[in-house]
Structures are given as C-alpha cells and as structure tokens.
Amino acid sequence: MELQLLSQELSEELARIESITKDVVKKSDLSIVLCRNLLIKFKRSISKIKFHSPTEEIHFFKQIKQIPLSNLVYFFELKSFEIHYPKGSDSSKKKYINRKLKKLNVFFSHNLDFIQYIDQEKTYLDTHYFTRAFFDEFNITHARYYFRDPDFSTSHDLLLAKLSANRRLIVYMDQRLSNIGRLNGHVITPSNRLNWTGSKTDMTELVYALKSSGAINQGRASIREITKALEQLFHFRSGDPYQNYREIRIRKKSRTKFLDNLTISLQSDLDKADE
C-alpha cells in the first residue's frame, strides 16, 4: 500500500534527521514540515480513494496516519518546550520541567480508560474510535494546532497521537531534568558502561521478541517492564514502545530487520569459528 510506504519513508527520514541534527528546535522544525506535508498528501489521497472495508480504514487511522500525526504533535510540543525553556537558575529550570510533567500526567489521568484499551491491545471499540462514521460521538481533547477534519479524522486518532507524543515527551523531560547541573547539559558517561548504539525500533524489536518467546519471567513480564529493564541496562531511552511497534508493523519489507541482522551476524561468527 503506497500510504504505508510513505509513512515508513517518513520514519526513516525522521531517524536520519535525529542522527545528524543536534539542535532540538532546528530538528523539530525540519520534522514538523515533513510530517505536515505527508498529512496533506494523505488527506488528498483519502479524498480520491475509498476504503474497501472498516478494517482497512481502521488500519489507516490507527497505524499509518499515526506516524506523521504523532510525530507532528511531538515535535510541536518539543519545540514549544525548548523555546520557552528558562535561561536562568537550575531551580527555575527544574520548576519549569516539573510544571510541564505535571500537565502531562493530568493528560494520562484524564484518559486512563483509553490508555488501558490501547496498551492492552484491545480492538472491540476500534470501529468507533478509528472510523470516520463515529467522528462526532466522543468528546476528545481539544487541540488548536493539529489536523481536525471530519473527512480526515476519527474521534480518537488525534488522542492516540497525543498519547504516543506525550509518552515521548515525558522521557525527554525526565532526561532534561536529570541533566540539570551537569556540564553543558550533557551526561558524563563512564567509559566502561554499556550503551545501546542501535535505534529505538531496534530495541523495541528485541523487547517484543523477548516477550513473545516467553524468555523473561515465563512470559509474564510486560512490554513496559522489559523495555524499562533494557533501557536501564543500556542507558538508552527508546521512547514509546507501542508507537515503535506500530512503525515496525507497517514496514514494507522485513518487519524484523534488527532480529534478522542479529541472526545473520551470529551465524557468520559461528561459521568463522568453525573454519
């Protein structure tokens, strides 16, 4: 599906920008333009085509559109956070971040039922949440700056995007908070510790593979628990594992490219050892 491929290409381009652009505001600006352009392209495409089934429509609004929409929300809020970041004392910076974190936690408290629905991967309300036929049925979070077009929106697609974005923002702000007072805001890294040097989705592939295999706590460990353990072990923030998982699911080619590479690398080493 062309739309799916476009979302995948956006994810790859955003990852490239992330890797080469250190300035957060500049990175946000570049990402916002890309996300907005893709949403405009999606909107034009949706006006010309007709979904063959509710399942296809749900897949678009719950998976494919989420890539540009959730990133658009994230980078809008990230830019706003940075341009208002205090230039003064450490205490004023901590106060600012804690105020933002408190606001994010209010969002999670107000949308607890929907968050549980998403995190537990339930689908029985998907027709209501992610098809346009039920756009007017639910009161959702007000948004002034994002796409809200009844022909291009469902009752909960923006809420899902905000959920993913806010989870990423919490990780970012936590990191910002822990770096206050450190030299130039950078974390001092001991030379002997283990650091994850793969991508966020690489780690999420590993998390889901461990979960699916039942290798951790006989399969009773949750995705978040495994993610948190790996993040602590490798000093890495992988963002929202559920958002990463959605990006993995819509890949055009191999959906397990990191795990594929692990197998190939290990097999190569084993072959060399046998020579």
Side-chain angles (χ1 to χ4, degrees), residues 7 11 14-15 18 62-63 66-67 69-71 73-75 77-78 81 97-98 100-126 129-130 141 156-179 187 193-251 255-259 262:
S7 266
S11 295
L14 293 178
E18 176 79 28
K62 191 178 182 182
Q63 306 292 341
Q66 286 301 310
I67 306 302
L69 186 58
S70 64
N71 277 292
V73 176
Y74 173 71
F75 284 110
E77 299 300 334
L78 183 62
F81 172 83
I97 296 175
N98 283 324
K100 293 289 185 182
L101 287 170
K102 184 177 180 181
K103 186 177 178 181
L104 289 174
N105 281 318
V106 169
F107 168 85
F108 288 109
S109 296
H110 286 176
N111 296 287
L112 196 56
D113 289 343
F114 180 68
I115 293 169
Q116 291 293 311
Y117 176 83
I118 293 298
D119 287 353
Q120 294 173 12
E121 301 185 353
K122 294 178 179 176
T123 59
Y124 66 94
L125 289 174
D126 278 5
Y129 288 168
F130 301 109
T141 306
H156 282 62
D157 67 335
L158 177 59
L159 187 58
L160 179 58
K162 293 189 75 171
L163 171 59
S164 298
N166 286 346
R167 280 177 164 158
R168 294 171 67 187
L169 286 166
I170 281 184
V171 172
Y172 180 84
M173 291 180 192
D174 278 343
Q175 189 68 47
R176 254 330 209 136
L177 194 60
S178 64
N179 285 346
V187 179
R193 78 178 192 182
L194 299 175
N195 294 304
W196 183 268
T197 54
S199 70
K200 294 177 180 180
T201 50
D202 288 346
M203 179 173 280
T204 300
E205 273 190 49
L206 184 58
V207 168
Y208 273 83
L210 290 171
K211 170 66 176 174
S212 301
S213 69
I216 309 295
N217 291 353
Q218 288 80 43
R220 293 193 296 273
S222 70
I223 293 297
R224 287 214 170 275
E225 288 173 330
I226 300 172
T227 298
K228 188 175 182 180
L230 289 182
E231 287 181 338
Q232 290 176 343
L233 177 62
F234 295 118
H235 305 92
F236 183 79
R237 299 289 188 182
S238 63
D240 181 3
Y242 302 104
Q243 173 64 28
N244 296 340
Y245 185 63
R246 280 191 285 275
E247 294 182 21
I248 291 169
R249 287 184 63 184
I250 66 169
R251 284 174 178 168
R255 296 198 288 184
T256 56
K257 61 182 182 181
F258 176 67
L259 298 177
L262 286 183

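Numbers for residues simply follow the sequence, beginning at 1. Only this structure's heavy atoms are used, side chains among them; waters, hydrogens and symmetry mates stay out.
The closest side-chain heavy-atom distance from Asn166 to Ile170 is not below 4.5 Å. Arg167 places none of its side-chain heavy atoms less than 4.5 Å from the side chain of Tyr74. Contact of the Met173 side chain with the Asn98 side chain is not registered, since no non-hydrogen atoms from C-beta on lie closer than 4.5 Å. Counting heavy atoms from C-beta outward, Glu247 and Leu14 have side chains that stay 4.5 Å or more apart. Using a 4.5 Å cut-off on side-chain heavy atoms (C-beta onward), Thr201 and Phe258 make no contact. In this structure, the side chains of Asp240 and Val171 stay at 4.5 Å or more apart for every pair of heavy atoms. With a 4.5 Å cut-off on side-chain heavy atoms, Arg246 and Ser70 do not count as touching. Taking 4.5 Å as the limit, every side-chain heavy atom of Gln66 sits out of range of all side-chain heavy atoms of Ile250.
Looking at Glu205 and Arg251, a side-chain N of the basic residue comes within less than 4.0 Å of a carboxylate O on the acidic one, giving a salt bridge.
For the pair Leu104 and Leu169, the tightest heavy-atom approach, listed with the atom from each and the gap, is CD1-CB, 4.0 Å. When all heavy atoms are compared, the tightest approach of Leu259 to Ala209 is CD1-CB, 3.7 Å. Contact record, Val207 with Ile223: CG1-O, 3.7 Å, taken as the closest heavy-atom pair. Minimum interatomic distance between Gly239 and Glu231 (heavy atoms only, all atoms of both residues): N-OE2, 4.0 Å. Contact between Ile226 and Ala221 at its shortest, heavy atoms only, is CG1-CB, 3.8 Å. In this structure, Lys211 and Arg220 approach most closely via the heavy-atom pair NZ-C, 4.4 Å.
Between Tyr208 and Tyr242, the two ring planes are perpendicular [angle over 60°; tilted spans 30° to 60°]. Ring geometry for Tyr172 versus Phe81: interplanar angle over 60°, hence perpendicular rather than tilted (30 to 60°).
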Task: Full working for side chain to side chain contact (heavy atoms under 4.5 Å, CB included) between Leu158 and Val73 - done: CA-CA 9 Å; Leu158 177 59; Val73 176; 4.2 Å; yes
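Checked by atom type, the side-chain pair Asn111/Tyr117 shows no donor-acceptor distance below 3.5 Å.
In terms of modelled atom types and a separation under 3.5 Å, the side chain of Thr123 and the main chain of Asp126 share no donor-acceptor contact.
Rounding to the nearest 0.5 angstrom, the gap separating the CG atom in Leu206 from the CE atom in Met203 is 7.5 Å. Remark: Asp202 CG to Ile248 CD1 distance equals 8.0 Å, nearest 0.5 Å.
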